[in-house]
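Keep in mind the model is a prediction, meaning the values are calculated, not measured.
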Amino acid sequence: MDFDLSPRLAQQLFDGEAGSYHSWSSTEFPLLAEEKVGAGRLVLQPRGFALPHYADSSKIGYVLQGSDGIVGMVLPNSSEEVVLRLKKGDVIPVPLGALSWWYNNGDHSEEVVVVFLGQTSKAHIPGEFTYFILSGGLGIMGGFSTEFISRAYKMNGKEADKLAKSQTGILLIKLEPGISMPHPNMEIVEKMVYNIDAALADVDVRGGGVLKALTAARFPFLEEAGLSVNHVKMEANAMYSPSYTADGTFQVFYVARGTGRVQVVGIGGKRVLDTKIQAGQLLVVPRFFVVAQIADSEGMEFVSILPGTSPAVEEFASKKSVWNALSPIVSQVALSVTPEFEEFFKSNMQKTTILIPPTN
């Protein structure tokens, strides 16, 4: 396996007064196709509206910024639109084939920014999300002939053209002031949206940082997307210690804030990546490869996804380390060290979690 694992920034695919959409290309980032994972970032200006669409991939959206986001969704095999409010820190699963629209309901200058991370195992282009937009310049309605639209919707030719071709916008449009979009259903929000920023920490280390793990056991709607989510805030110079997935799945990290350094070790003990990483970059770690990160002086925050609803992540340098599970004599022989050093080695790990504060 010989791929360039270097973290990448997204490429801008669309930009207009309503907002922009950015994506990571599998052509520029072949590892996306290899691991069948995709990512994108949506930026909505006030009154920016993402036209109704569905996609060929299941994914989760994580709200990086904004407090006035609204999403409407129609799940597969459902005839009901569900409208939800979104704010910073929200995680929202978007199941495969679900129809959705997105809107920034704010009337001031704050953008709504959502990063999407997901699987592309059923995608037309492995490693990328392909969107099917209902209307507009790239819409499905305009793709059919006037005859077919007339027959489908029981209209004459003039009416059919009006239906299919009135909307000329592409992907994102800006709505006029005064248009009132549907109100969110607050009773359903808690079932379909989870604010991970407000959740209790699974790991909280003074000087190290905070880790929050979100699986279907805590948030059942995640099962619809078949994904699990981690959210990590690392303090200045803290370490996210070495770990790997033991179930043959990838790990994807999106850096939301800060900078740091990342190392990945792969087949044959080869260090396949040793580089800086910064906000806005995407890091893909192949299955079974071991990854570790150290934050710079400003700290670092990232969100990551793992396939499956109960991922198997093994740690290397904490009290949950696989080394600690081994018999002392096995560790001694494997490392070629004395019993005293083996005991010292394991006693140090008993004091740490996956987040390690800097040494004084």
Side-chain angles (χ1 to χ4, degrees), residues 13-23 39-55 57-76 78-118 129 131-136 138-139 167 169-199 214 219 221-222 224-225 229 231 256 303:
L13 297 186
F14 177 87
D15 185 37
E17 64 172 349
S20 58
Y21 184 74
H22 311 252
S23 180
R41 187 173 65 244
L42 174 66
V43 179
L44 289 174
Q45 299 295 336
R47 303 199 311 278
F49 177 69
L51 292 167
H53 59 273
Y54 58 92
S57 308
S58 61
K59 53 189 178 292
I60 65 100
Y62 173 69
V63 183
L64 295 164
Q65 179 181 321
S67 57
D68 290 308
I70 296 178
V71 58
M73 192 178 298
V74 181
L75 297 174
S78 171
S79 58
E80 180 183 0
E81 177 189 60
V82 178
V83 181
L84 309 165
R85 182 178 178 181
L86 298 176
K87 61 182 181 297
K88 184 181 182 301
D90 279 346
V91 172
I92 178 167
V94 184
L96 177 69
L99 181 75
S100 66
W101 54 262
W102 305 73
Y103 181 60
N104 183 348
N105 197 43
D107 56 3
H108 44 83
S109 60
E110 186 179 31
E111 298 174 336
V112 170
V113 183
V114 185
V115 63
F116 296 98
L117 306 171
F129 303 145
Y131 293 99
F132 296 83
I133 306 168
L134 267 60
S135 61
L138 299 176
Q167 178 56 262
I170 296 175
L171 186 61
L172 305 177
I173 62 173
K174 191 161 186 174
L175 302 188
E176 296 296 327
I179 294 179
S180 180
M181 298 299 283
H183 292 289
N185 186 332
M186 302 310 294
E187 294 180 359
I188 299 179
V189 168
E190 291 186 0
K191 296 180 181 179
M192 298 181 66
V193 178
Y194 190 98
N195 191 274
I196 202 166
D197 280 7
L214 188 57
F219 181 35
F221 189 52
L222 262 181
E224 296 295 321
V229 182
H231 182 233
V303 59

Would you please name every residue forming a side chain to side chain donor-acceptor pair (under 3.5 Å) with [X], sequence neighbours left out?
X: N195; answer: D90
X: N104; answer: none
X: E190; answer: none
X: Q45; answer: E111

Is the closest side-chain heavy-atom distance between [X] and [Y] below 4.5 Å?
X: V113; Y: V63; value: no
X: M73; Y: P95; value: yes
X: Y131; Y: Y54; value: no

- Query: What pairs meet the side-chain hydrogen bond (donor to acceptor under 3.5 Å, both in side chains) rule with one or both residues in residues 172-186, with sequence neighbours excluded?
  - Reply: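 Counting only pairs at least two positions apart or across chains, no side-chain hydrogen bond (donor to acceptor under 3.5 Å, both in side chains) contact touches residues 172-186.
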Can you name the nearest heavy-atom pair linking [X] to [Y], along with the distance?
X: V94; Y: W102; value: CG2-CZ2, 4.0 Å
X: L75; Y: A98; value: CD2-CB, 4.3 Å
X: A256; Y: L64; value: CB-CD2, 3.7 Å
X: G106; Y: P46; value: O-CB, 3.2 Å

Distance, nearest 0.5 Å, that separates [atom1] of [X] from [atom2] of [Y]:
X: S20; Y: R41; atom1: OG; atom2: CZ; result: 7.5 Å
X: Q65; Y: K87; atom1: CD; atom2: NZ; result: 15.5 Å
X: Q167; Y: S135; atom1: CD; atom2: OG; result: 5.5 Å
X: K88; Y: E110; atom1: NZ; atom2: CD; result: 10.5 Å
X: L86; Y: Y103; atom1: CG; atom2: OH; result: 14.0 Å
X: L175; Y: M181; atom1: CG; atom2: CE; result: 5.5 Å

- Task: Run the numbers on L222 and L214 for side chain to side chain contact (heavy atoms under 4.5 Å, CB included), then give the verdict.
- Result: CA-CA 9 Å; L222 262 181; L214 188 57; 3.7 Å; yes
- Query: How are the rings of F219 and Y194 set relative to one another: parallel (under 30°), tilted (30 to 60°) or perpendicular (over 60°)?
  - Reply: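 Plane angle between 30° and 60°, so tilted.
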- Look at the aromatic rings of F49 and W101 and report parallel, tilted or perpendicular, splitting at 30° and 60°.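 It falls in the tilted class, 30° to 60°.
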- Test side chain to side chain contact (heavy atoms under 4.5 Å, CB included) applied to V83 and V71, step by step: CA-CA 6 Å; V83 181; V71 58; over 6 Å; no
- Query: L51 and L134: side chain to side chain contact (heavy atoms under 4.5 Å, CB included), yes or no, with the steps?
  - Reply: CA-CA 7 Å; L51 292 167; L134 267 60; over 6 Å; no
- Query: Can you tell me if S58 uses its side chain to pair, donor with acceptor, with the backbone of A225 under 3.5 Å?
  - Reply: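 Checking the backbone N and O of A225 against the side chain of S58, a donor-acceptor pair under 3.5 Å is found.
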- Message: What verdict does the side chain to side chain contact (heavy atoms under 4.5 Å, CB included) test give for I60 and F116, after you've listed the backbone C-alpha separation in whole Å, the side-chain angles of each residue and the deciding distance to 0.1 Å?
- Response: CA-CA 6 Å; I60 65 100; F116 296 98; over 6 Å; no
- Query: Residues two or more places apart in sequence or in another chain: which of them pass salt bridge (Lys or Arg N to Asp or Glu O under 4.0 Å) with R85?
  - Reply: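 Testing R85 for salt bridge (Lys or Arg N to Asp or Glu O under 4.0 Å), a comparison that skips the adjacent residues, returns D68.
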- Walk me through it: do H231 and Y62 pass the test ring-ring contact (aromatic ring centres under 6.0 Å, His included)? CA-CA 10 Å; H231 182 233; Y62 173 69; 5.5 Å; yes
